[in-house]
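Just so we're on the same page: letters track the sequence lines, and every chain starts at 1.
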Protein chains: 2
Amino acid sequence: MPEPGETPDVFHAIAEPKRRHILDLLLEGERPVQALVAEFDVSFAAISQHLRVLREAGLVARRIDGRKHVYSAEPEALDTVLEWTARYRPLWRKRLGRLGRHLDGQ
Amino acid sequence: MPEPGETPDVFHAIAEPKRRHILDLLLEGERPVQALVAEFDVSFAAISQHLRVLREAGLVARRIDGRKHVYSAEPEALDTVLEWTARYRPLWRKRLGRLGRHLDGQ
DNA sequence: ACATTAATTTAGATATAACTTAAATATTAA
DNA sequence: TTAATATTTAAGTTATATCTAAATTAATGT
């Protein structure tokens with residue numbers, strides 16, 4: 001039972017490579033669970049459990065269509081990660097010079 | 001399929017809240033281990049172990065000064081995270097409109 | 001109603017992570 | 001050289017993650 005911590009933890013959710021891969025697949029468009037399972041070498045249940053972690057972190061949304069559960073990416077949830085990472089850009093920029101400023105969109 | 005541990009795993013390193021907090025402290029400037037330990041409610045050894053994970057992920061550097069080991073942030077290592085996250089910005093932008101474009105630095 | 005399909009949940013096994021205390025290493029100070 | 005300081009590494013414990021197989025829920029098809 002993958003207990004998803006008290007707080008929906010986006011950082012924890014994307015720490016697992018399979019979960020990042022799931023998100024990458026969903027980036028191309030929404031998919032039912034079976035289509036995701038087909039991309040991995042683990043059981044249906046394992047993917048379902050990963051989807052739960054992603055959903056509780058707000059990284060994916062689920063739309064139920066008959067007996068198909070269709071998942072889609074919710075990239076807004078990555079905001080937390082982007083914001084935390086962005087706090088390092090000043091230091092980064094200082095060290096890298098022009099390249100850093102470019103990454104900063106300036 | 002992305003295998004875990006293929007490379008020093010930055011995503012895993014920043015998944016742990018205490019490790020993010022350590023990085024946040026180092027963002028203000030380099031510090032010896034004792035100064036970091038003082039900010040937490042765990043043992044010296046625990047922090048030392050977290051520092052090892054961060055160092056192996058390339059997120060911190062260590063400078064040995066006498067019997068002090070002075071750590072500093074290596075924000076370039078967050079590049080991996082920023083790049084992966086950035087792949088979601090097109091979808092994001094599409095959904096959020098102007099705000100998305102702003103985040104994109106346009 | 002019953003079987004089939006799609007997915008989730010539960011239970012249990014095993015692996016990995018995070019912590020503690022104690023021992024080890026290395027540097028400085030008496 | 002012995003003691004004190006600063007940190008790491010090792011050993012062992014406990015907690016958490018991830019996986020499989022089996023049970024469960026729910027919708028569809030016959």
What's the [atom1]-[atom2] distance between [X] and [N], to the nearest Å?
{"X": "B/I22", "N": "D/dT7", "atom1": "CD1", "atom2": "P", "result": "13 Å"}
{"X": "A/L51", "N": "D/dA17", "atom1": "CG", "atom2": "P", "result": "17 Å"}
{"X": "B/H50", "N": "C/dC19", "atom1": "NE2", "atom2": "C1'", "result": "8 Å"}
{"X": "B/F44", "N": "C/dC19", "atom1": "CZ", "atom2": "P", "result": "15 Å"}
{"X": "A/R52", "N": "D/dC19", "atom1": "CZ", "atom2": "P", "result": "14 Å"}
{"X": "B/H12", "N": "D/dT18", "atom1": "NE2", "atom2": "P", "result": "10 Å"}
{"X": "B/Q49", "N": "D/dA6", "atom1": "CD", "atom2": "P", "result": "19 Å"}

Check this one for me: any side-chain N or O of [X] less than 4.0 Å away from OP1 or OP2 of [N]?
{"X": "B/S48", "N": "D/dT7", "value": "no"}
{"X": "A/Y71", "N": "C/dT8", "value": "yes"}
{"X": "B/S43", "N": "C/dT20", "value": "yes"}

Near-strand residues of residues 30-42 of chain B, defined as heavy-atom separation under 4.0 angstrom from DNA chain D: B/P32, B/V33, B/Q34
Picking from A/R63, A/E30, A/R62, what satisfies side chain to side chain contact (heavy atoms under 4.5 Å, CB included) with A/S72?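 When A/R63, A/E30, A/R62 are each tested with A/S72, the side chain to side chain contact (heavy atoms under 4.5 Å, CB included) holds only for A/E30.
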Pull out every protein N or O sitting under 3.5 Å from an N or O of nucleotides 13-15 of chain D, one pair per line with the distance.
none

Holding to side chain to side chain contact (heavy atoms under 4.5 Å, CB included), I want the full list of residues that pass it with [X], two or more places apart in sequence or in another chain.
{"X": "A/S43", "answer": "A/A45, A/A46"}
{"X": "B/R52", "answer": "B/E56"}
{"X": "B/D41", "answer": "none"}

What nucleic acid atoms does B/R19 come within less than 4.0 Å of, heavy atoms only: base, sugar-phosphate, or nothing?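 If one applies the 4.0 Å heavy-atom cut-off, B/R19 turns out to touch the sugar-phosphate alone, with no base involved.
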Are A/V70 and A/L25 connected, step by step, through hydrophobic side chains (Ile, Leu, Val, Met, Phe, Trp, Tyr) whose heavy atoms are closer than 4.5 Å?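 Each belongs to a different hydrophobic cluster.
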In terms of hydrophobic clustering (I, L, V, M, F, W, Y; side-chain heavy atoms under 4.5 Å; direct or indirect links), are A/V10 and A/L23 co-clustered?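 Yes, A/V10 connects to A/L23 through the hydrophobic network.
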Residue B/K18, side-chain atoms from C-beta onward, closest of D/dT8, C/dC19, D/dT20: C/dC19
Candidates D/dT18, D/dT8, D/dT9 - which lies nearest the side chain of B/H69: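 The answer is D/dT8.
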Do the non-hydrogen side-chain atoms of [X] and [Y] ever get within less than 4.5 Å of each other?
{"X": "B/E39", "Y": "B/I47", "answer": "no"}
{"X": "B/L26", "Y": "B/R31", "answer": "yes"}
{"X": "B/V81", "Y": "A/F11", "answer": "no"}

Show the nearest heavy-atom pair for residues B/D9 and A/A15, with the distance to one decimal. OD2-O, 4.0 Å
What's the shortest heavy-atom distance between B/F40 and B/K18, and which atoms?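 It is CZ-O, 3.6 Å.
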Using the closest heavy atom to pick a nucleotide of DNA chain C for each, name whichever of B/A46 or A/I47 lands nearer the 5' end. A/I47
Rounded distance [0.5 Å steps], CG in A/L59 versus CD in A/E74: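 One finds 9.0 Å between CG of A/L59 and CD of A/E74.
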Hey, can you pull the residues of residues 61-68 of chain B with a non-hydrogen atom under 4.0 angstrom from DNA chain C?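 Result for residues 61-68 of chain B: B/G66, B/R67, sorted by number.
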